[in-house]
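Notes for the one structure printed next.
All chains are named by letter (A, B, ...) in the order of the sequence lines, taking the proteins before the strands, and each is independently numbered beginning at 1. As a basis for the values below, the full set of heavy atoms in this structure was taken, side chains included, without hydrogen atoms, waters or symmetry mates.
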Amino acid sequence: MPIFTKKFSGSMSGPFIYSMDSIISVIQKGVGKAFKSLYQQELDETQVLVQVTRKEFEGDYTIVVFPLTRLTGKKPDELAQELGNFLVNELEEISAFNVIKGFLNLTVANVYWGAFLQEVGKLAHYGQFPPNGHKVMVEFCSPNTNKPLHLGHIRNILLGWSCARILEAAGYEVVRVQVINDRGIAVCKSMVAWQDYGNGATPESTGIKSDHFVGEYYVEFEKRLQPEYKTWQASEAGQQVYREKAKEGQSPEAFFKAFKNQYVNEYSELGKKASDMLLRWEAGDPETVALWKKMNGWVYEGFEQTFKDLGVRFDKLYYESETYLLGKDLVEKGLNEGVFYRQDDGSVWADLSGIGMDPKIVIRSNGTSVYTTQDIGTAHLRYQDFGVDKMVYVVADEQNHHFQALFEILKRLGEPYAEGLHHLAYGMVELPEGKMKSREGTVVDADDLIAEVIEEARLNASERGEVAELSAAEQEMIIRRVGLAALKFHIIKVQPKKWMTFDPKESVDMQGQTGPYIQYAYVRINGLINRARREGIDFATGSAYLDFQPAERELLQQLYQFPDTIQEAAMGYDPSTVANYCYSLAKAYSKLWHDLPVFNAEDPAAKAFRLQLSRVTGDVLRFGMDLLGIQMPEKM
RNA sequence: GGCCUCGUAGCUUAAUGGAUAGAGCAUCUGACUACGGAUCAGAAGGUUGAAGGUUCGACUCCUUCCGAGGUCACCA
């Protein structure tokens, strides 16, 4: 059967990926040949629309012939019939066809599917593409150091991590980084509160997780500020400001709510303490810097634990305290090259009217730099550090405007990586009650949430007892994996750009379209494979089995889609694509499990084939879920 | 106000311009003396926010409108 050896040694062949010419391109080429031979017409084959046949119809792949009719002047059904005949005669891969309302459904020969499975079965990492020579940086998480991580960070972290893994699978070399906002007024508030009200307490002395410990002092600051502000509002000074600055008909409540920031900056004693702290920090006062280092150290220790719990790590951390002065020299250079212009007051701007945006300031009139300037410098620094040709910023969509401006400026500055910049903008996470608001205490804490899903998994496990005979440590690992799978999958199955409503009750679901459902399919497979290995069954002997049942065909088709799915997810920076694929594959396997006996199959070839099919499915599920940052348990 | 995003079943959501809009949850009904029932099968649930337009064909593209949100800082 020479056709198969030819197909299996395509130009992309490597140690990792299954690489025969895709069936779709085989079909497309066949259609091109048909047009030449039947109608004497040249055709752009890539324009032929080939898609997976919908379940309710007979066949594996479908050609939509409508767009082709105007080239021949034939009716859709007639053209489809002629093409179908031609393809079945000419292509060994195609064994049958049928035509329904202008759709040409093609059936792929069983022998082709059978060979596909055997070939994939030999690969160590089906779906992993060979290195493509490109290097990409993914920035994600990037928290402030005054508070612990919350639900929003979790979505960010999961998206960033998964995106990085998917790019790796697609052949990129990936560098994971984050920028930690370790300076500024917010951090100073925590410092002031700890200094004044902490009485020397430490995370160790209180037994509180260290980032939460620091967060409590941030809250403490706000708590102390409130009565101070109330008192001031009632005072003559406060009333005078209200009379002078309130808009016509604005109630005191509304005015003072809006005025709060200004109050803290200009009138508050506590606020003054914080801004003094910031000034001392900027001046490099040793005592202040020591305090800052101590408290940030606590925060990092806590963050590190959360990252570990979530199973993520970074290659390099950038700190704003080290990068916030960067970018000014690049602005200076851009100024000389006409990329920016200086106003009379000394401030420097970028004119972005060319892309329909308002002017963007990059240097204040007092000569200091802004956020955008800093990001310009950081991007440049990163390029120097790693030489990446792509940079992906995983940041909430509230910063769309900022990144649009930043990318445009970097482009105009002629930065070498400028064409490879991408803002992976994700939607905010809301609760069923509405937005999370730290002031109202409705923020879902990351550590609490993780603990909660694990407890839920523990409850579920105790109701079953399959893992009861395992050691405590093994049980604990399984419970963690199951709980985290529920949480992670629940978040990552939603397209990044969509705002999502996070219902804690649904996030711990373990049935239906969930992480544990997929894990369960894997665990079943694992049980079968272990038994087969104990009995020394050779899966390759399944190649003799070719009379596929519908459930087997469905699974083969889906397995075949895996590399394309990874490419699609990588190009679209969209992990939800992989999540949905994994679910769909697990569902197809559950169906097969129900419909057909595997170990007790009708004959040895069928048994070996189904074991091989199961094993490959298990491998793909494990690899696919790993791309989402989800670990598989061996039992559950 | 300018720019941008979103609107799909009660809820959470899927669908490179293609066939009867696909799942899960919740509700109801079935299926374990076959390899793990965290499963499978079935029922019910939709004028895809509204109205036009382009197209052989529109959830998808265009226009207008309605609704929700974001952003337009010498904040980060």
| A/Asn296 and A/Asp182: side-chain hydrogen bond (donor to acceptor under 3.5 Å, both in side chains), yes or no, with the steps? | CA-CA 7 Å; A/Asn296 273 353; A/Asp182 60 343; 4.6 Å; no
| query | When rounded to the nearest Å, what value does the distance between P atoms of B/rA43 and B/rA38 take? | reply | 24 Å
| task | Mind checking A/Asn400 for me? I need base, sugar-phosphate or nothing, with any heavy atom below 4.0 Å counting as a touch. | result | nothing
| message | Taking only side-chain N and O atoms of A/Lys498, does any of them lie within less than 4.0 angstrom of OP1 or OP2 on B/rG7? | response | yes
| Residues that A/Ala569 engages under side-chain contact (heavy atoms from CB on, under 4.5 Å), provided they are two or more places apart | A/Ile166, A/Thr577, A/Val578
| request: Using side-chain hydrogen bond (donor to acceptor under 3.5 Å, both in side chains) as the criterion, point out the one residue from A/Thr62, A/Asp60, A/Asn98 that pairs with A/Thr53. | output: A/Thr62
| message | Looking only at the side chain of A/Phe599 (C-beta and beyond, no hydrogens), which of the listed nucleotides B/rC35, B/rG69, B/rA41 gets closest? | response | B/rC35
| query | Has A/Lys497 got a side-chain N or O lying under 4.0 Å from the OP1 or OP2 atom of B/rC6? | reply | yes
| said: Taking B/rU29 as the reference, what is the distance to B/rU71 when you measure between their P atoms (whole Å, please)? | reply: 48 Å
| note | Of the listed B/rA14, B/rG36, B/rU71, the closest approach to the A/Glu398 side chain comes from B/rU71
| field | Nearest-Å distance for atom pair CD/P, residues A/Glu408 and B/rC3 | value | 18 Å
| request: Take A/Leu528 and A/His594, find for each the nucleotide of RNA chain B with the closest heavy atom, and name the residue whose nucleotide sits nearer the 5' end. | output: A/Leu528
| query | Does A/Arg364 put a side-chain nitrogen or oxygen below 4.0 Å from OP1 or OP2 of B/rA76? | reply | yes
| said: Using a 5.5 Å cut-off between ring centres and planes within 30 degrees, is A/Tyr520 stacked on the base of B/rG36? | reply: no
| said: If the cut-off is 4.0 Å, is A/Tyr517 near the phosphate of B/rC40, judged by side-chain N/O to OP1 or OP2? | reply: yes
| Sugar-phosphate only, base, or nothing, as touched by A/Thr501 at under 4.0 Å among non-hydrogen atoms | sugar-phosphate
| query | Considering only the P atoms, how many Å lie between B/rC35 and B/rU27, rounded to the nearest integer? | reply | 28 Å
| query | What is the nucleic acid contact for A/Gln519, judged by heavy atoms within less than 4.0 Å: base, sugar-phosphate only, or nothing? | reply | nothing
| Under-4.0 Å side-chain N/O to phosphate OP1/OP2 contact, A/Arg524 with B/rG37 | yes
| Using a cut-off of 4.0 Å on non-hydrogen atoms, how would the nucleic acid contact of A/Leu592 be classed: base, sugar-phosphate, or nothing? | nothing
| request: Please state the C1' separation for the pair B/rC11 and B/rG46 - nearest whole angstrom. | output: 14 Å
| query | Quick one: do the A/Ser584 and A/Gln558 side chains pair a donor with an acceptor below 3.5 Å? | reply | yes
| message | Nearest whole Å is fine: how far is B/rG70 C1' from A/Gln404 CD? | response | 13 Å
| Nucleotide B/rA19, atom C1' - distance to CZ of A/Phe97 in whole Å | 18 Å
| Secondary structure string for RNA chain B (Watson-Crick or G-U under 3.5 angstrom, | for other-strand pairs) | (((((((..((((....[...)))).(((((.......))))).....(((((..]....))))))))))))....
| query | When the P atoms of B/rA68 and B/rG52 are considered, how many whole Å apart are they? | reply | 24 Å
| field | Working for side-chain hydrogen bond (donor to acceptor under 3.5 Å, both in side chains), residues A/Tyr318 and A/Thr378 | value | CA-CA 8 Å; A/Tyr318 289 86; A/Thr378 307; over 6 Å; no
| task | Just compare B/rG70, B/rA76, B/rC11 and give me whichever is closest to any side-chain atom of A/Val370. | result | B/rA76
| query | Any idea which of B/rA14, B/rC35, B/rG69 is nearest the A/Lys435 side chain? | reply | B/rG69
| On a whole-Å scale, what distance lies between the P atoms belonging to B/rA21 and B/rU47? | 12 Å
| note | When rounded to whole Å, the NZ to C1' distance for the pair A/Lys360 and B/rA76 reads 10 Å
| query | Is any N or O donor-acceptor pair between the side chain of A/Arg54 and the base of B/rA19 shorter than 3.5 Å? | reply | no
| task | Just call it for A/Pro76: base, sugar-phosphate, or nothing, with non-hydrogen atoms closer than 4.0 Å on any strand. | result | nothing
| query | When the P atoms of B/rG7 and B/rC61 are considered, how many whole Å apart are they? | reply | 10 Å
| message | Is A/Lys587 close enough to B/rG24 that one of its side-chain N or O atoms is under 4.0 Å from OP1 or OP2 there? | response | yes
| Between the side-chain atoms of A/Ser365 and the base atoms of B/rC74, is any donor-acceptor pair under 3.5 Å? | yes
| task | Report yes if at least one side-chain N or O of A/Gln513 is closer than 4.0 Å to OP1 or OP2 of B/rA14; otherwise report no. | result | no
| task | Could you check how far CE of A/Met636 sits from P of B/rG37, rounded to whole Å? | result | 13 Å
| field | Any side-chain donor near an acceptor of the partner, A/Tyr341 and A/Asp351, under 3.5 Å | value | no
| Is there a donor and acceptor pair closer than 3.5 Å between the side chain of A/Ser584 and the base of B/rA23? | no
| said: Rounded to whole Å, please give me the gap between CD in A/Glu139 and C1' in B/rA76. | reply: 13 Å
| Taking the side chain of A/Asp358 as heavy atoms from C-beta outward, which of B/rA15, B/rA19, B/rC72 is closest to it? | B/rC72
| Between C1' of B/rA19 and NZ of A/Lys101, the distance in whole Å | 6 Å
| Can you tell me if the side-chain N/O atoms of A/Trp593 get under 4.0 Å from OP1 or OP2 in B/rA34? | no
| Near-parallel close stack of A/Phe66 and B/rG18 base (under 5.5 Å, under 30°) | yes
| note | Winner on side-chain proximity to A/Ile361, out of B/rC35, B/rC74, B/rA38, is B/rC74
| message | From C-beta outward on A/Pro516, which listed nucleotide comes closest to its side chain: B/rC11, B/rA38, B/rA15? | response | B/rA38
| said: Apply side chain to side chain contact (heavy atoms under 4.5 Å, CB included) to residues A/Thr372 and A/His402 and explain how you reach the verdict. | reply: CA-CA 7 Å; A/Thr372 305; A/His402 164 70; 3.7 Å; yes
| query | Quick one: does A/Gln81's side chain have a donor or acceptor within less than 3.5 Å of a partner on A/Glu78's backbone? | reply | no
| said: Main chain of A/Lys328, side chain of A/Ser369: is a donor-acceptor contact present, judged purely on distance under 3.5 Å? | reply: no
| query | Side-chain donor or acceptor of A/Asp509 under 3.5 Å from a matching atom on the base of B/rA38? | reply | no
| field | Position toward the 5' end of RNA chain B (nearest nucleotide), A/Val482 or A/Ser576 | value | A/Ser576
| remark: In whole angstroms, the gap separating C1' of B/rG22 from OH of A/Tyr583 amounts to 10 Å
| task | Determine the interatomic distance between P on B/rU8 and the same-named atom on B/rG1; round to the nearest Å. | result | 24 Å
| message | Considering only residues two or more places apart or on different chains, which pairs with a residue in residues 489-500 of chain A satisfy salt bridge (charged side-chain N to carboxylate O under 4.0 Å, His left out)? | response | none
| task | Run the salt-bridge test on A/Arg610 and A/Glu602 with the 4.0 Å N-O cut-off and return the result as yes or no. | result | yes
